[in-house]
Amino acid sequence: MENKLLTLEALESRLSAVSTEFDTLSDTMKAKSARMKELQELIRQAENYKRLKPVYDELNGIKWKKQREKFETAHDADLRLFYTARRILKEKLDRKPITLAAWKQEYDRLQAEYAKLSPQYKPLREDLMKMRRVQYCVDRVLQRRQPEQEAPKKKQDIEL
């Protein structure tokens, strides 16, 4: 009654339109969320890389084997983080430069767009769920009515 859906065709038409709108909104939000997660990981790894690069450079500056091993042992955790960050960035960027500021700007932009879309999601979802419940109830009623309309005729005795 709220949506003035008085016929089955009107319900199906409105349900189809709302479902399409919901699917589009949901897909857009999922894409933005996935990109934000990817950017968070890139930003984190880039920050680790830049923070730990001096430790790596210092290790490469040591020429004596004993001193090098001692330095590696003392800075093992930092070097592991650096190597991990370098590997991940190399895989993700494919020799492109690290653009930390651009990633942060893109992340902020996506976060704002996601926040703008978010309030539309819940009411649209609730509306869709209500209409699907109505459709389900209508389908149940129609299924119950079919057997009554198609009631089998009484068998008549056939004489031989």
What are the two closest non-hydrogen atoms of Gln135 and Leu11, and how far apart are they? CA-CD2, 3.9 Å
Would you call Thr28 and Glu113 a side-chain contact if the rule is heavy atoms closer than 4.5 Å? no
Which heavy atom of Ile98 sits nearest to which heavy atom of Ala46, and what is that distance? CG2-CB, 3.7 Å
Of Leu100, Leu89, Thr99, which is the lone residue that meets side-chain contact (heavy atoms from CB on, under 4.5 Å) with Leu42? Leu89
Distance in Å, Lys104 NZ paired with Leu39 CG, rounded so as to fall on 0.5 Å steps: 12.0 Å
Decide yes or no for Arg86 and Tyr56: does some side-chain heavy atom of the first lie under 4.5 Å from some side-chain heavy atom of the second? yes
Pair Asp127 + Arg14, salt bridge at N-O below 4.0 Å: yes
Without swapping roles, check the side chain of Thr84 against the backbone of Arg80 for a donor-acceptor pair under 3.5 Å. yes
Phe82 side chain near Asp78 side chain, heavy-atom distance below 4.5 Å: no
Met29 and Ser118 have their tightest heavy-atom pair at CE-CA, 3.8 Å
Ser26 side chain to Phe22 backbone, donor-acceptor under 3.5 Å: no
Side chain proximity check, Asn48 to Gln45, heavy atoms < 4.5 angstrom: yes
Regarding Arg44 and Glu41, does a basic nitrogen lie under 4.0 Å from an acidic carboxylate oxygen? yes
For atom NZ of Lys53, is the number of surrounding heavy atoms from other residues, nucleotides or ligands below 6.0 Å larger than 12? yes
To the closest 0.5 Å, what do you measure between CZ (Arg125) and NZ (Lys130)? 12.5 Å
Mind running side-chain contact (heavy atoms from CB on, under 4.5 Å) on Leu81 and Arg51 for me, showing each step along the way? CA-CA 10 Å; Leu81 279 175; Arg51 180 174 52 86; 4.2 Å; yes
Gap separating the CE atom of Met36 from the CG atom of Asp108, nearest 0.5 angstrom: 10.5 Å
Looking at every heavy atom in both Trp103 and Leu93, which two are closest together, and how far apart are they? CZ2-CD2, 3.4 Å
Rounded distance (nearest 0.5 Å) linking atom CE of Met131 with atom CD of Glu126: 12.0 Å
Could you tell me whether Arg35 sits above the aromatic face of Tyr114, with NZ or CZ closer than 6.0 angstrom to the six-membered ring centre and within 45 degrees of the axis? no
Please give me the minimum heavy-atom distance between Tyr107 and Ile43, naming the atom from each residue. CB-CD1, 4.4 Å
Determine yes or no for a side-chain-to-main-chain donor-acceptor pair under 3.5 angstrom, with Arg68 supplying the side chain and Leu59 the backbone. yes
Is it true that Arg140 and Tyr136 share a donor-acceptor pair across their side chains at a distance under 3.5 Å? yes
When you measure from the side chain of Thr24 to the backbone N and O of Thr20, does any donor-acceptor pair fall under 3.5 Å? yes
